Amino acid sequence: MPDSIAVNNSLPVGSKELSFKRLSFNRFLHRLRDPIGFYEQMHKEEGEIASFRIFNRKFCVVYSPELIEELLVKKRTSFEKGPLFKEKRILKNPTSATADGDDHRRIRKLVQPAFQRKALEGYARVMIDEALQLRSRWRDGETVDIDAQTHQMTLDIIAKTFFGSDVHIDSSLINDLLESLTWSLTLTMLPLENLIARLPLNKNRQRHHVIEAMDQVVYNVIHKAHTDPEMRADLVSFLVHAKDEEGIDPALNDQEVRDESYVMILAGHETSANALTWCFYHLSRNPDARARLEKEVDEVLGGRPPTLADYNRLPYTRAVFDETLRVTPPFYAFGRTALEDCVLGDYHIPKGTVVQVYMRVPHRAEKYFPQATEFKPERWLGTKQPTHPRNAYFPFGIGVRTCIGAEFARMEVIFALSTITQRWRITVIEEEYPEIVKVMVYKCKNGLRCTVHERKPSLNDSVD
């Protein structure tokens, strides 16, 4: 098999042909084991767009805001969600995260009310209560795994906001579901994925049992939503009762509600938990930023728990979150598949090519974010906000595909960060950068060990 694709004499005028060289076995393993290192090496070698081939499938990776704008906004109808999002072993229907075209428009319209202000007010109370419970369990000077703690807290928030406070669900079941979803998505990156999925592997058997158990919980909540005389305030119930006010599109059926719940669990849990862990990491490594956040929390909250009204009164806390997503975005890449031959910039993209967006390069580009490798939340405040192309920073996506749960995730982290910081100062123990899981998400592989020390708000000018 040749190492490159022959020149296509019928290219659109002025467009460039990509080589799509076949990956060597070692580079294929590099992509599988360390996608971040692979993507960044390809960027160094090839510039704003890199291309390669695995077996007969063509891939390219785009890094520049201009190409990202074309892919996700200007020419979005020429692409559909990438193969990772078309996985059918768990999800049986299009969802807000996986659908394209009219399916996406219909589902997003029906799901949107579940993330509007009325619903968010109820979710906020749960978020704050769970953060208060977490901070009440610590003792001064204790060593904790802050990563495990934030993941457990967000799992508890999901259990209550998605399924209702009167429904008991073991958070370990949600955690098992997340592992099964991740395994199913990982399969799509492997050759012979369908064969591997049918093998009697422990991960395949576990997926079957977990889905069976989770389906029982979800369908029980769906039944409650249909039969309870009063409107429930959990996400599943919002989805069950969602209607198109114009009367054009049909409501979600029960299986669609089930699939949407699964997608929300995957997206909502990992993004928030990992972002919160990285917030605490960066604050620990940057004591001036930590002191400024503590000062804001003390002045705004005055010793009381936060409320929904405080959400917009914590600008520096929000800036910490924004800067964390710039430096260490939990999800750093996603893909689209070309539905037709098309052109991005000057490059010809053949039909069927998987085009991947790698956001860490523009997020860390010096020309958009001076002192880009430094953690500087103040860059997001007032007139100091960076003047960059909108597609140089997009942790929740852009255009019509912007994450529908972005505000949920933002609220969750802001309330948790302010509630916990109000009482505790968290310090990372190890000096070395933590070992990282880089496949699918960017997260601490072995947790993040920290000490917690009770704060005395009257001493906010001290960072010792």
Side-chain angles (χ1 to χ4, degrees), residues 115-135 146-147 149-158 160-161 235 264 267-284 286 289-331 375-382 385 393-396 402-426 455 457 460:
F115 292 97
Q116 291 177 344
R117 185 171 180 82
K118 180 180 178 181
L120 289 172
E121 287 176 356
Y123 303 153
R125 288 190 290 270
V126 175
M127 295 170 184
I128 295 166
D129 183 59
E130 291 299 324
L132 289 169
Q133 290 189 44
L134 173 60
R135 80 176 195 182
I146 198 66
D147 186 59
Q149 301 265 346
T150 58
H151 275 75
Q152 184 61 54
M153 182 190 70
T154 56
L155 284 173
D156 292 338
I157 290 171
I158 282 175
K160 292 182 179 179
T161 57
L235 180 137
M264 296 295 178
H269 169 67
E270 282 295 339
T271 300
S272 299
N274 291 324
L276 187 54
T277 294
W278 286 117
C279 282
F280 286 124
Y281 173 84
H282 291 301
L283 290 168
S284 177
N286 297 271
R290 181 170 64 184
R292 184 168 178 178
L293 183 142
E294 291 172 351
K295 184 175 186 294
E296 176 179 86
V297 167
D298 291 340
E299 290 178 349
V300 172
L301 301 184
R304 60 172 174 77
T307 67
L308 184 63
D310 297 312
Y311 179 54
N312 291 318
R313 300 175 60 215
L314 296 162
Y316 192 77
T317 308
R318 296 168 68 92
V320 166
F321 179 58
D322 290 336
E323 183 71 345
T324 296
L325 293 185
R326 185 189 69 82
V327 178
T328 45
F331 288 110
F375 183 78
K376 300 176 71 66
E378 59 271 18
R379 74 172 82 240
W380 300 102
L381 296 177
Q385 292 196 33
Y393 177 78
F394 51 103
F396 292 106
T402 300
C403 175
I404 199 169
E407 200 63 9
F408 181 101
R410 186 177 291 276
M411 286 178 59
E412 190 173 19
V413 173
I414 299 305
F415 286 135
L417 194 57
S418 57
T419 301
I420 293 170
T421 301
Q422 185 181 46
R423 180 172 175 183
W424 298 101
R425 178 173 291 171
I426 296 171
R455 285 206 311 115
N460 282 332

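These figures come from a predicted structure and were not determined experimentally. If you read the sequence from its start, that first residue is 1, and numbering goes on from there.
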Participant: For Leu308 versus Ala124, what's the shortest heavy-atom pair and its separation?
Facilitator: CD1-CB, 4.0 Å

Participant: Just verifying a value: how many Å separate Gln422 CD and Leu132 CG, rounded to the nearest 0.5 Å?
Facilitator: 8.0 Å

Participant: Using the test side-chain hydrogen bond (donor to acceptor under 3.5 Å, both in side chains), find all partners of Gln133 that sit at least two apart in sequence or belong to another chain.
Facilitator: Asp129

Participant: Just jot down the side-chain hydrogen bond (donor to acceptor under 3.5 Å, both in side chains) partners of Thr317, sequence neighbours excluded, or say none.
Facilitator: Glu296

Participant: Using a 4.5 Å cut-off on heavy atoms from C-beta on, say whether the side chain of Glu407 contacts that of Gln116.
Facilitator: no

Participant: At what distance, to the nearest 0.5 angstrom, does CG of Leu235 lie from CZ of Phe408?
Facilitator: 7.5 Å

Participant: Can you list everything that forms a salt bridge (Lys or Arg N to Asp or Glu O under 4.0 Å) with Arg135? Sequence neighbours excluded, please.
Facilitator: none

Participant: Please give me the minimum heavy-atom distance between Met153 and Ala416, naming the atom from each residue.
Facilitator: CE-CB, 3.5 Å

Participant: Residues two or more places apart in sequence or in another chain: which of them pass ring pair (Phe, Tyr, Trp, His ring centres under 6.0 Å) with Phe280?
Facilitator: none

Participant: I need the single residue from Arg379, Arg318, Lys376 that forms a side chain to side chain donor-acceptor pair (under 3.5 Å) with Glu323. Which is it?
Facilitator: Arg379

Participant: Report yes if some heavy atom in the side chain of Ile146 is under 4.5 Å from a heavy atom in the side chain of Tyr281; otherwise report no.
Facilitator: no

Participant: Name all residues meeting the side-chain hydrogen bond (donor to acceptor under 3.5 Å, both in side chains) criterion together with Thr307; count only those two or more places apart in sequence or in a different chain, and write none if there are none.
Facilitator: Asp310

Participant: Give the minimum heavy-atom separation between Ala275 and Val413, together with the two atoms involved.
Facilitator: CB-CG2, 4.4 Å

Participant: Taking salt bridge (Lys or Arg N to Asp or Glu O under 4.0 Å) as the definition, give me every residue that meets it alongside Glu130, ordered by chain and number, with sequence neighbours left out.
Facilitator: Lys160

Participant: So do Thr324 and Pro377 actually touch side chain to side chain, heavy atoms under 4.5 Å?
Facilitator: no

Participant: For the atom pair CE (Met127) and CG (Leu120), what is the distance rounded to the nearest 0.5 Å?
Facilitator: 7.0 Å

Participant: State the CD1-CE distance between Ile157 and Met411, to the nearest 0.5 angstrom.
Facilitator: 10.5 Å

Participant: Should Trp278 and Val327 count as side-chain neighbours, where that means a heavy-atom distance under 4.5 Å?
Facilitator: no

Participant: Report the residues that fulfil side chain to side chain contact (heavy atoms under 4.5 Å, CB included) with Arg125, sequence neighbours left out, ordered by chain and then residue number.
Facilitator: Glu121

Participant: Of all heavy-atom pairs between Cys279 and Phe321, which one has the smallest distance, and what is that distance?
Facilitator: SG-CA, 4.2 Å

Participant: My understanding is that only residues two or more places apart in sequence, or in another chain, count here; which of them pass ring pair (Phe, Tyr, Trp, His ring centres under 6.0 Å) with Phe394?
Facilitator: His363

Participant: Can you tell me which residue among Leu314, Leu276, Val297 is in a side chain to side chain contact (heavy atoms under 4.5 Å, CB included) with Leu417?
Facilitator: Leu276

Participant: Using every non-hydrogen atom in the two residues, find where Leu283 and Arg290 come nearest and quote the distance to one decimal.
Facilitator: O-CB, 3.5 Å

Participant: Counting only heavy atoms not in Arg117, do more than 12 fall under 6.0 Å of its CZ?
Facilitator: no

Participant: Trp380 and Ala319: which non-hydrogen atoms are nearest, and at how many Å?
Facilitator: CD1-O, 3.8 Å

Participant: Who pairs with Phe375 by ring pair (Phe, Tyr, Trp, His ring centres under 6.0 Å), at least two apart in sequence or on another chain?
Facilitator: His282

Participant: Mind checking what makes side-chain hydrogen bond (donor to acceptor under 3.5 Å, both in side chains) contact with Thr277, not counting sequence neighbours?
Facilitator: Asp147, Thr150

Participant: Which pairs count as side-chain hydrogen bond (donor to acceptor under 3.5 Å, both in side chains) when at least one residue sits in residues 412-421, sequence neighbours excluded?
Facilitator: Ser272-Glu412

Participant: Quick one: does Tyr393's side chain have a donor or acceptor within less than 3.5 Å of a partner on Asp322's backbone?
Facilitator: yes

Participant: Partners of Tyr316 by ring pair (Phe, Tyr, Trp, His ring centres under 6.0 Å), sequence neighbours excluded?
Facilitator: none

